[in-house]
Amino acid sequence: MKTDRRPLVLISPALLWLFGLMVVPCLLILVVAFFRRGVYGGIEYTWTLENIALVFDPLYFGIFMKSAAIAGLAAGIACVLGYAAAYAIASMPRRHQPMLLFFAVLPFWSNYLVRSYAWIVLLNREGLIANLARWIGFDGELPKMLYTEPAVVIGLIYNYLPFVILSCYAPLSRLNPEIAEASRDLGASAWTTFRRITLPRTVVGIATGFVFVFVLSIGNFVTPALLGGGQFQMIGNLVYAQFLTANDWPFGAALSMVLIIIMLGLLLLQAVITERASGGKAYTDG
Amino acid sequence: MERHTLMADRNTYRLMLLIIGIVFAFLYIPISVLVALSFNEGGLPTAWTGFSVKWYGALWQNDEILQAARNTLFVAIFSTILSTILGSLLAVGVEIRRRNGKWLETIIFAPMIIPDIVLAIALLSFFSLLGVKMGLHTIIVSHVVFNLAFVCAVVRARLKNFDWAIVEASADLGASTITTLIRVILPVLMPAVLAGALLAFTLSVDEFIIAFFTAGAGRSSITLPMQIYAMIRFGVTPEINALATLVMAVSVVALALSQRLNRGGLPGQ
Amino acid sequence: MTYPLLSIQQVEKHFGNVSAVSGVTLDVQENEFFALLGASGSGKTTLLRMLAGFEALTAGDILLEGTSIAQLPPNRRPVNLMFQSYALFPHMNVAKNIAYGLEMDKLPKQEINAEVEKILDVVQLTQLAKRKPEQLSGGQRQRVALARALIKRPKVLLLDEPLGALDKKLRSDMQLELKRLQHEFGITFIMVTHDQEEALVMADRIAIMQDGGLLQVGTPNDIYERPQTRFAADFIGVMNFLPVTLSGDTLQAANGITITSTQTIDLPNGSAAVAAIRPERLHVDTQLDNNLAGDVVNIAYHGLDLLLHIKTTLSDKPIISRMTADVAERHCPTIGQQINLGWSAKDTRIFPA
Ligand SMILES: Nc1ncnc2c1ncn2[C@@H]1O[C@H](COP(=O)(O)OP(=O)(O)OP(=O)(O)O)[C@@H](O)[C@H]1O
Ligand SMILES: [Mg+2]
């Protein structure tokens, strides 16, 4: 009964769908990356490594590094803020925690574009911050805020912070308070206890948060386009341009391939870290 | 005395409250400003000139927005129906089998974590190479890819504490597999299926990148997020404030409802 | 030629390299109340699930009235299972749950309603017909599950620890109730149980299972009074075991004490064996075929009877002797007192060591 083929009837439609519209298209990218670009765009079916080589051309590689730097900065700050917030929530009385968590995550549920747009409203030349500055009597030239790198970083942090809070809260809430108490009891200061006991037991949450924010940021093209104003490019924008304006698909595919490899590598790393950490789960379950 | 998760003396406790205050301010001030401005009569952040819903009224006059809203609804409804059917069946099938290969779990999990941009690019090249004419239909089938994974995850979460003995009981009492599916499994799973459908609907309404890549050329297949994107690239207007507020309200309400239906929590949360 | 109602022939079930049921052969007669008794993991549930059609046989065959049903799917077998967890449909009320099986048989609506009403009355659930399973107590749920299976009037009703989830008091009420229903419906019951007392009280015949095989099949009296193996003797009820050595027709226990038995055992002279005596066959301060002195170390009060724990030189464990309440009232030993135990030769059973 349990081993017959009936479940296949249930799962095969969805699996076919995923296979045809996810697996095959993704594999396709890998293939296209090794073809030549046609004279009028499109694809010429001869094998080449030119596209891959072009990715490592200083011009484009620089954009990669830049994207990585911005994504890393955003992920780093988001982790600090997110861990602090998660720690603070976890130290509130138990009965208030679900509600605090709910409200920390609520913005995550609203539309991504809208959340980015909210920062345009704040940062633009006629925006709220400029108005406030004028209102409190500042009448010099305000530095440009919108369409800058910091704006992009803030936008990314703002969009993904709830995710980090969640991923950090999970291990923090499972901490057994008696372990920290035992550490204090044995003579450690609060700071030492945090550094030696709490942090190592919850670093998984930070790692998860970091990897996800980094992965989502490095391939992002909406936030740089909206808050960076197209002033500078990130990989996502570059890829987008190859497919939709420059019409150089093979190069776009090569860029995507490298991007996918970076993302998958990081996600894999994260999975390994989590698996390692779950070995010590018995301790954290309070 | 109430047990705190992390030991805190009075000063640390205050510090924690401060941190929560700062983070919540960071999270909520931007969207609150947006919402407030959408009700500002003058529409500008320079001064509050009185409460008004006139910017919402203006949305009704805007044919482009209405058309985009209709498209979005069309896409969301069809992708929700398809993904709810496929995702629920998948969940049941996978849980009946119990022991699934790693590759199967991966392929089911992948659409939820695969960055949108990757899927968007892949689908765009796929459709173009096959010479498929793109439009709302390509958006729909693309949205089903990730939506079915989310529906599946929600339904599977419910199936984790599902008493499989009732399926055997149904067979024992003479029901065929199909009858059991319709009369026993589906009704018991209904809350989770509905929650999954609602989630899928919201994700589809909100989704921008994949729709943007797979919509093809022309205005006829522009969805609401695409419309919003086009509008906000040209700056801030009171109409966008109103539209953004509306979109935000819809997603938050739909997702809150979905969670309430399911009571289990959303995947990835 | 007449067939037994149910004939299980050389049935085997392997899960990978685990052998859950091995070489079980058993006939069950019409109208019998049959109990499968065994320790946890002995294969009772697996055997039952093969009868219901939920597990495929690795080898062997199952015949119902002479025809093989081994290949039939569960929904086409005239056999019903009452699940240990009851497996009530949570989204249907009591009446709907019970009607489900008849609806599968495509009976006309009025007929179904009439049948449901009848059986609700039999199991005394008429008042609760509109309740959902979650609004019922354990005992009520148990009766719904029973009614749901019974209403199909199967040739055989399989029950997997039907009373397992009930408390002790409700359990003994339901034991009688189940027996009554079995009589009333004239259906063959095959019941799995952990509880040897339950099996003795309820069953017409009992099969003891161990490690996937049948150890002994017989009436409760057979099983209790004439266990075929030491395991069966130990598993059912309380039994005292004394290590002995065979010497001619007698048994040589420690300290040169001789034990007599009317039973003979096919073992060479001088080999080790155990003598087994039930506690109620040991009489305090009565001279019988066998006599043994010992000190009372503990007295356990059980209401209906007393169990005396008596330390003797014959075994490390104290020997247990049962005294009924009225005997104890007249003549009750105290702890530390030395007493004499006597029993007849016919009450000594012998097993290989
Ligand atoms: N699906 C399965 N896969 C592998 N092994 C199984 C499976 N079902 C049962 N077994 C094994 O078969 C043996 C018999 O199990 P079964 O459930 O029949 O025992 P049981 O007598 O009903 O025990 P209990 O009294 O605890 O219910 C056990 O060793 C069990 O581990
Ligand atoms: Mg069992």
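Because the structure is a prediction, the values reported are computed rather than measured. Scope of the values below: all heavy atoms of this structure, side chains included, with no hydrogens, waters or symmetry mates. Labels below follow one simple rule: chain letters A, B, ... track the order of the sequence lines, proteins then strands, and each chain is numbered from 1.
Of the residues A/Met22, A/Met263, A/Met257, the one that meets the side chain to side chain contact (heavy atoms under 4.5 Å, CB included) test with B/Val118 is A/Met263.
With respect to chain B, the highest number of heavy-atom pairs below 4.5 Å among A/Leu216, A/Thr193, A/Asn124, A/Leu106 belongs to A/Leu106. Chosen from A/Ala104, A/Gly236, A/Pro13, A/Ser116, the residue pairing most often with chain B at heavy-atom distances under 4.5 Å is A/Ala104. Contact count against chain B (heavy-atom pairs under 4.5 Å) is highest for A/Leu226 among A/Val215, A/Leu226, A/Ile120.
For the pair A/Ile157/B/Phe26, a side-chain contact is recorded, criterion being any heavy-atom separation below 4.5 Å from C-beta on. Annotation: side chain of B/Phe127 is in contact with side chain of A/Leu21 (closest heavy-atom distance under 4.5 Å). Within the 4.5 Å cutoff, side-chain heavy atoms of A/Tyr158 are placed close to those of B/Pro30. The shortest side-chain heavy-atom distance between A/Leu10 and B/Leu90 does not fall under the 4.5 Å cut-off. Side-chain contact between B/Val250 and A/Asn111: absent, with no pair of heavy atoms (C-beta onward) separated by less than 4.5 Å.
The aromatic rings of B/Phe208 and A/Phe221 sit parallel, their planes meeting at an angle under 30°, below the 60° perpendicular limit.
The part of B/Leu82 that comes within reach of chain A is its side chain, from C-beta onward, which places non-hydrogen atoms under 4.5 angstrom from that chain. Only the side chain of B/Val247 comes within contact range of chain A, judged by heavy atoms closer than 4.5 Å.
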Before giving the answer on side-chain contact (heavy atoms from CB on, under 4.5 Å), spell out for B/Ile117 and A/Ile235 the whole-Å C-alpha distance, their side-chain angles and the decisive distance to 0.1 Å.
-> CA-CA 10 Å; B/Ile117 184 93; A/Ile235 292 301; over 6 Å; no
Could you walk me through whether B/Ser83 and A/Trp17 pass the side-chain contact (heavy atoms from CB on, under 4.5 Å) check?
-> CA-CA 10 Å; B/Ser83 55; A/Trp17 198 283; over 6 Å; no
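In this structure, CG in B/Leu34 is found 12.5 Å from CH2 in A/Trp119, a value given to the nearest 0.5 Å.
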